[in-house]
Undergrad: 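Structure in structure tokens, see below.
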2 protein chains.
Amino acid sequence: MSTASLAFSGAGPIAAATRERVLESARELGYAGPNPLGRQLRRGRSGIVGVVIGDALARAFRDPVSTQVLDGLVGHLGPLDLGVLLVPGSAAPDAPAVDPLLESAAMDVAVVMWGGNDDDPVLSTLQRRGIPTVVVEGRKLPGVCVVGIDDRTGMAATTQHLLDLGHTRIATVTLPMDRDRHEGPVDEARLERPMWEITRRRLDGVLDTGVRPVVVYETPASLVEHGASAGRALLGEPDRPTAVVCQSDLLASGVVLAARELGLRVPQDVSVAGFDGIELPWLAPDELTTVVQPLTDKGATLGRIVEELLAGEEVADHEMPVSLRVGTTTGPPPA
Amino acid sequence: MSTASLAFSGAGPIAAATRERVLESARELGYAGPNPLGRQLRRGRSGIVGVVIGDALARAFRDPVSTQVLDGLVGHLGPLDLGVLLVPGSAAPDAPAVDPLLESAAMDVAVVMWGGNDDDPVLSTLQRRGIPTVVVEGRKLPGVCVVGIDDRTGMAATTQHLLDLGHTRIATVTLPMDRDRHEGPVDEARLERPMWEITRRRLDGVLDTGVRPVVVYETPASLVEHGASAGRALLGEPDRPTAVVCQSDLLASGVVLAARELGLRVPQDVSVAGFDGIELPWLAPDELTTVVQPLTDKGATLGRIVEELLAGEEVADHEMPVSLRVGTTTGPPPA
DNA sequence: GCAATCGATCGAATCGATTCGATCGAGCGC
DNA sequence: GCGCTCGATCGAATCGATTCGATCGATTGC
């Protein structure tokens with residue numbers, strides 16, 4: 001009955017008595033309210049925002065960078081009555097190109113975290129399905145909106161800070177460069193080849209200062225243990241670098257832990273810098289020298305963009321500001 | 001056209017030539033494949049599993065216990081073409097009882113993490129909507145399926161371990177007891193009143209051994225910083241306890257950090273035990289004495305139960321085993 | 001008292017895919 | 001050559017809520 005619809009929605013003209021009567025008999029019949037599926041079909045909207053996590057979920061969740069952004073996003077979307085559907089990205093290199101959910105699940109908008117390269121199958125699938133998409137920290141591509149930060153300038157500021165302190169032997173620890181997620185030092189040739197946008201930009205920031213890193217060490221994921229492995233590899237030898245610039249705070253904190261493990265003092269024996277500006281329980285607040293990015297804001301900005309995309313508006317890219325925060329993990333090189 | 005449906009689904013009898021022809025003209029018309037909303041309505045299934053996180057998302061995500069279970073769940077659900085919709089639970093005490101998503105979003109099954117008390121508005125909403133529900137670590141209630149672990153026995157084992165080592169002054173640091181998320185020591189009277197099931201059971205485990213904790217310290221969330229606050233409060237005084245039993249590893253690791261901060265050696269000056277068996281980057285592997293629970297398994301079990309609920313089967317509760325793992329954070333009390 | 005107007009209510013069409021039954025044509029056996 | 005059978009294709013009904021237009025009744029103004 002159409003009157004029932006009015007009774008439940010509350011909108012439209014309806015006598016209070018009738019409304020009451022409808023709700024009453026609904027209760028008797030054990031009717032639990034309108035079926036969302038019918039509503040969605042009629043409206044042509046599912047009320048669902050697909051969030052594609054560009055990494056194994058367990059890994060992504062272990063990184064506060066992802067979870068803070070996700071939290072900001074969910075917080076913004078909740079009041080709009082929009083839900084977040086978790087869509088695993090392509091995790092293993094041998095897995096199917098895209099998750100079946102991405103092909104078949106209903107979603108009004110998609111948010112792609114850690115968007116990949118030009119030929120990212122995730123993006124092409126979304127484009128084929130005609131789903132408006134916003135990409136976090138990805139490459140500028142036609143038809144999708146990108147939200148990012150000024151990685152390059154931020155990283156250059158960190159590196160310059162180390163140069164100003166007098167460092168000359170600087171190593172850098174990077175995020176993964178591609179789906180292979182190689183671990184270890186990479187050679188010159190690799191640096192010329194394409195790599196994930198975020199890794200590229202943060203690397204370019206270092207190079208912009210004129211620094212030639214003594215080692216570029218790739219990690220398979222932004223996790224403490226990989227930072228620790230990198231730290232042990234880099235700092236275990238006598239001709240170790242005097243400073244290590246890391247592309248994430250988790251990696252940096254791993255390097256700090258490794259340094260302590262090796263009996264090295266930070267920053268007297270080695271300086272360590274990170275990127276992101278997250279709170280780490282095992283380091284004092286503001287201890288780590290890092291580039292702070294507004295993570296929760298980023299989530300909220302994503303939320304606003306989703307809103308605009310749903311309204312059918314054209315949306316401009318956003319680049320959010322970053323700032324260098326000097327802590328106590330960087331200092332002059334040992335004499 | 002009904003033939004088009006057959007062409008896309010692939011099921012049913014259809015000549016290869018026709019199929020090809022249909023797909024061809026679909027491409028010309030810019031048709032991107034079947035609309036999920038129509039399919040869902042017809043099938044009466046949304047393919048969505050609502051996961052209600054019983055805490056602010058940012059907090060929940062910072063706890064590996066939640067994320068590992070979630071990861072196990074998503075991993076099991078993915079191949080079934082089921083998606084996970086994140087539904088915020090009731091976060092602030094003054095927020096509306098349940099999130100609007102819980103009222104209106106389409107979901108075939110709900111998973112409630114950290115299910116609350118008897119009168120949990122989340123559970124009653126789900127029951128009213130007739131959505132099959134499985135609760136993680138909640139209270140046994142009619143009509144819902146519960147997946148949990150043997151908290152009580154696990155906690156008793158830890159406490160007994162400390163008793164065997166000779167401790168007599170034992171304090172305990174608890175998870176939040178109710179929505180108020182009070183922080184600080186609680187009095188005897190509070191312990192008699194109802195509290196969240198998981199907190200109650202882990203507390204009962206301690207009491208089962210006959211131990212009367214010198215302090216029961218409640219925290220507002222299972223986070224390192226709250227463990228650290230608790231540690232500072234408990235260990236800052238001269239008549240400090242010789243052992244602290246914590247209801248989670250994150251809390252325990254906070255206590256360890258606080259102890260180190262205060263110049264106390266663990267376990268020589270104070271023993272610390274946790275619960276959950278997660279890997280913490282800032283502690284060596286297996287360093288913390290704790291009760292290990294099978295987190296990823298728990299997620300997979302949840303996945304199986306979701307599957308069974310979708311098939312309309314009656315599902316039995318599951319209690320998963322735990323085991324005490326003695327590390328190096330517990331030892332005999334100081335002489 | 002009659003007509004016009006306004007508000008409440010109801011019928012019917014719509015969203016898009018699926019699926020059951022019916023129809024149509026071709027191939028095969030007798 | 002005729003009839004039967006099987007497979008492919010097509011029409012139509014269905015899932016459930018929403019919404020536009022139409023109808024119905026009552027109230028008010030003249």
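Quick caveat: nothing in here was measured; it's all calculated off a predicted structure. Naming convention: chains lettered A, B, ... in sequence-line order (proteins, then strands); numbering from 1 in each chain.
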Undergrad: So what does Leu41(B) hit on the nucleic acid, given a heavy-atom distance under 4.0 Å: a base, only sugar-phosphate, or nothing?
TA: base
Undergrad: Does Glu24(B) come within less than 4.0 Å of Arg27(B), counting only side-chain N to carboxylate O?
TA: yes
Undergrad: Would you say that Val112(A) contacts Leu126(A) through its side chain, given a criterion of any heavy-atom pair below 4.5 Å between the two side chains?
TA: yes
Undergrad: Where the side chain of Arg43(B) is defined as all heavy atoms beyond and including C-beta, which of dT18(C), dT9(C), dA17(D) is the nearest nucleotide?
TA: dT18(C)
Undergrad: Within the pair Arg39(A) and dT18(D), is there a side-chain N or O less than 4.0 Å away from OP1 or OP2?
TA: yes
Undergrad: May I ask you to decide whether Lys298(A) forms a salt bridge with Glu137(A), counting only side-chain N to carboxylate O separations under 4.0 Å?
TA: yes
Undergrad: Rounded to whole Å, how long is the line connecting atom CZ of Phe8(A) with atom C1' of dT19(D)?
TA: 18 Å
Undergrad: Between atom CD in Gln40(B) and atom P in dC15(C), what is the gap in whole Å?
TA: 18 Å
Undergrad: Please work out whether the ring planes of Phe61(B) and Phe61(A) are parallel, tilted or perpendicular, with thresholds of 30° and 60°.
TA: parallel
Undergrad: Side chain of Leu6(A) only, please: which of dT9(C), dA17(C), dA17(D) is the nearest?
TA: dT9(C)
Undergrad: Separation of Arg21(A) atom CZ from dA8(C) atom C1', in whole Å?
TA: 12 Å
Undergrad: Quick one: which of dT14(D), dT19(D), dA17(D) gets closest to the side chain of Arg42(B)?
TA: dT14(D)
Undergrad: Figure out the CZ/P separation between Arg45(B) and dG16(C), and round it to whole Å.
TA: 24 Å
